[in-house]
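Everything on this sheet refers to the single structure shown next.
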Amino acid sequence: MGAQLRVYKRRIRSVTATKKITKAMEMIAASRIVKAQRQVAASTPYATELTRAVTAVATGSTTKHPLTTEADTPARAAILLITSDRGLAGGYSSNAIKAAERLTERLRGEGKEVVTYVIGRKGVAYYGFRERKIADSWTGFTDSPTYADAKRAAGPLIEAVTQETAEGGVDELHIVFTEFVSMMTQNPVDDRMLPLSLDATKDEVGKGEILPLFDFEPSAEDVLDALLPRYVESRIYNALLQAAASEHAARRRAMKSATDNAGELIKTLSRLANAARQAEITQEISEIVGGASALADATAGSDK
């Protein structure tokens, strides 16, 4: 076997092995999407009803709560960025990071200092490589998040919102994640979680309906103290689930593309290998014919 043919055979074996891996990863991602979609569908009603309850308390009372009251001159804003722990998902993490960068520039343009919190190793690596400060980070659960993970991330964020700005607190809390629309479409979005925008929330949750009047026991402030941490946790949990579904969909699409490309490359290499083999056979035949002809000529010369 010629050297060129050996090279083609070796590359075909290598690409074939890679194709098997990408195909397996595609199938794993496809199987996980279904579970992630079910979790998103199950968590969304809870988040919606909790938002409705918080809105009812905030609009049905005159209590000025730090988690629902706009600062007169907001000076600091926190951004929670959700990326993935693993790669091989196309532009999933990079698109979310770009959305966070655009939000950061917009907030800085409004004169606000930005404090960044990151979920996922890809986001941590991005800021670490650029030596940019991160207030806190969490990793290891982006492809299969639980409510406990969301609660763990929500704690420092709620604490930052309740603190005074001079003590390291923030006036606003934004979240950047990838919204799952369909198997083919996942959109990075940014949303302000706190302070709660009551007008926008009433339009979104109440669909324009007139909200009833409420009496609160022991007080509206105590009810807000109890509800708003749950509100932040549920919003983060829903965002984590949507991000996980988006990550699996993006990885499935990327692995399918890689598998298809590997198949095309194998076809191309096979054609080149066949051409190289044909060239070797042709050369061998030519050498045999040439040798036979030379032998015949030598024999004819000796007969004379």
Side-chain angles (χ1 to χ4, degrees), residues 18-52 80-100 117-126 137-155 157 175-191 193 204-205 229-262:
T18 302
K19 181 181 178 181
K20 291 179 180 179
I21 295 173
T22 56
K23 183 63 177 179
M25 295 182 67
E26 176 190 348
M27 296 176 65
I28 292 172
S31 66
R32 290 178 176 176
I33 291 174
V34 178
K35 179 181 177 181
Q37 285 180 290
R38 290 174 181 170
Q39 289 179 320
V40 171
S43 69
T44 299
Y46 174 78
T48 301
E49 290 303 319
L50 190 56
T51 303
R52 183 191 293 270
L80 174 62
L81 168 63
I82 300 178
T83 61
S84 67
D85 286 320
R86 299 185 295 125
L88 301 177
Y92 165 77
S93 292
S94 62
N95 290 336
I97 292 172
K98 289 177 183 177
Y117 297 79
V118 180
I119 293 178
R121 291 190 178 92
K122 290 297 179 180
V124 173
Y126 175 85
S137 63
W138 303 269
T139 61
F141 55 82
T142 59
D143 59 346
S144 184
T146 63
Y147 193 85
D149 298 323
K151 188 173 182 178
R152 184 155 52 95
L157 297 172
I175 185 169
V176 178
F177 65 99
T178 305
E179 181 183 27
F180 181 84
V181 179
S182 67
M183 294 288 287
M184 297 302 297
T185 305
Q186 302 87 41
N187 297 325
V189 297
D190 63 84
D191 190 17
M193 287 197 296
E204 178 183 352
V205 177
R230 308 289 85 77
Y231 161 77
V232 174
E233 292 167 6
S234 67
R235 288 289 300 273
I236 294 177
Y237 182 53
N238 185 262
L240 284 171
L241 292 177
Q242 295 221 35
S246 300
E247 178 183 349
H248 294 317
R251 182 167 290 112
R252 175 186 174 275
R253 190 167 59 250
M255 291 300 97
K256 184 180 186 307
S257 177
T259 302
D260 294 342
N261 291 338

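- A donor-acceptor pair under 3.5 Å is formed between the side chain of Thr83 and the backbone N or O of Gly123.
- Using a 4.5 Å heavy-atom threshold, the side chains of Phe177 and Val189 count as touching.
- The backbone N or O of Asp85 sits less than 3.5 Å from a side-chain atom of Thr142, completing a donor-acceptor pair.
- Listed by first and then second residue, the side-chain hydrogen bond (donor to acceptor under 3.5 Å, both in side chains) pairs that reach into residues 36-47 are Ser43-Asn238, Thr44-Asn238, sequence neighbours excluded.
- Scored by the ring-ring contact (aromatic ring centres under 6.0 Å, His included) test, Tyr237 finds Tyr147 as partners (sequence neighbours excluded).
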Next on the checklist: Apply side-chain contact (heavy atoms from CB on, under 4.5 Å) to residues Asn187 and Thr178 and explain how you reach the verdict.
Outcome noted: CA-CA 5 Å; Asn187 297 325; Thr178 305; 6.0 Å; no

Please report, to 0.1 Å, the donor-acceptor pairs under 3.5 Å made by any side chain of residues 88-95, with sequence neighbours excluded.
from  : atom 1 : to     : atom 2 : distance (Å)
Tyr92 : OH     : Ala243 : O      : 3.1
Ser93 : OG     : Ser84  : N      : 3.3
Ser93 : OG     : Ser84  : OG     : 2.8
Ser94 : OG     : Gly91  : O      : 3.1
Asn95 : ND2    : Gly91  : O      : 2.9

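- Considering OH of Tyr231 and CG of Leu50, their distance stands at 8.5 Å, rounded to 0.5 Å.
- A search for side-chain hydrogen bond (donor to acceptor under 3.5 Å, both in side chains) contacts involving Asn261 returns nothing, not counting sequence neighbours.
- In this structure a side-chain-to-backbone donor-acceptor pair under 3.5 Å is present from Gln242 to Phe180.
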Item to check | Residues Tyr117, Leu81; criterion side-chain contact (heavy atoms from CB on, under 4.5 Å); working and verdict | outcome: CA-CA 6 Å; Tyr117 297 79; Leu81 168 63; over 6 Å; no

Atom pairs and distances, donor-acceptor, side-chain atoms in residues 19-27, under 3.5 Å, two or more places apart:
from  : atom 1 : to     : atom 2 : distance (Å)
Thr22 : OG1    : Thr18  : O      : 3.2
Thr22 : OG1    : Lys19  : O      : 3.0
Thr22 : OG1    : Thr259 : OG1    : 2.9

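- Counting only residues at least two apart or in different chains, salt bridge (charged side-chain N to carboxylate O under 4.0 Å, His left out) contacts with residues 236-256 comprise Glu247-Arg251, Lys256-Asp260.
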Checklist entry - What's the verdict on side-chain contact (heavy atoms from CB on, under 4.5 Å) for Val176 and Asp191, showing C-alpha distance, side-chain angles and the deciding distance? => result CA-CA 7 Å; Val176 178; Asp191 190 17; over 6 Å; no

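- Residue Phe141 holds its CZ atom at 6.0 Å from CG of Leu240, rounded to the nearest 0.5 Å.
- Residue Leu80 holds its CG atom at 4.5 Å from CD1 of Ile119, rounded to the nearest 0.5 Å.
- Taking each heavy atom of Gln186 and Met184 in turn, the nearest pair found is NE2-C, 3.7 Å.
- Panel note: side chain His248, backbone Asp143; a donor-acceptor pair is recorded below 3.5 Å.
- Atoms OG and NZ, on Ser144 and Lys35 in that order, are 4.5 Å from each other to the nearest 0.5 Å.
- Using a distance-only test at 3.5 Å, with no hydrogens or angles considered, no donor-acceptor pair links the side chain of Thr185 to the main chain of Ser182.
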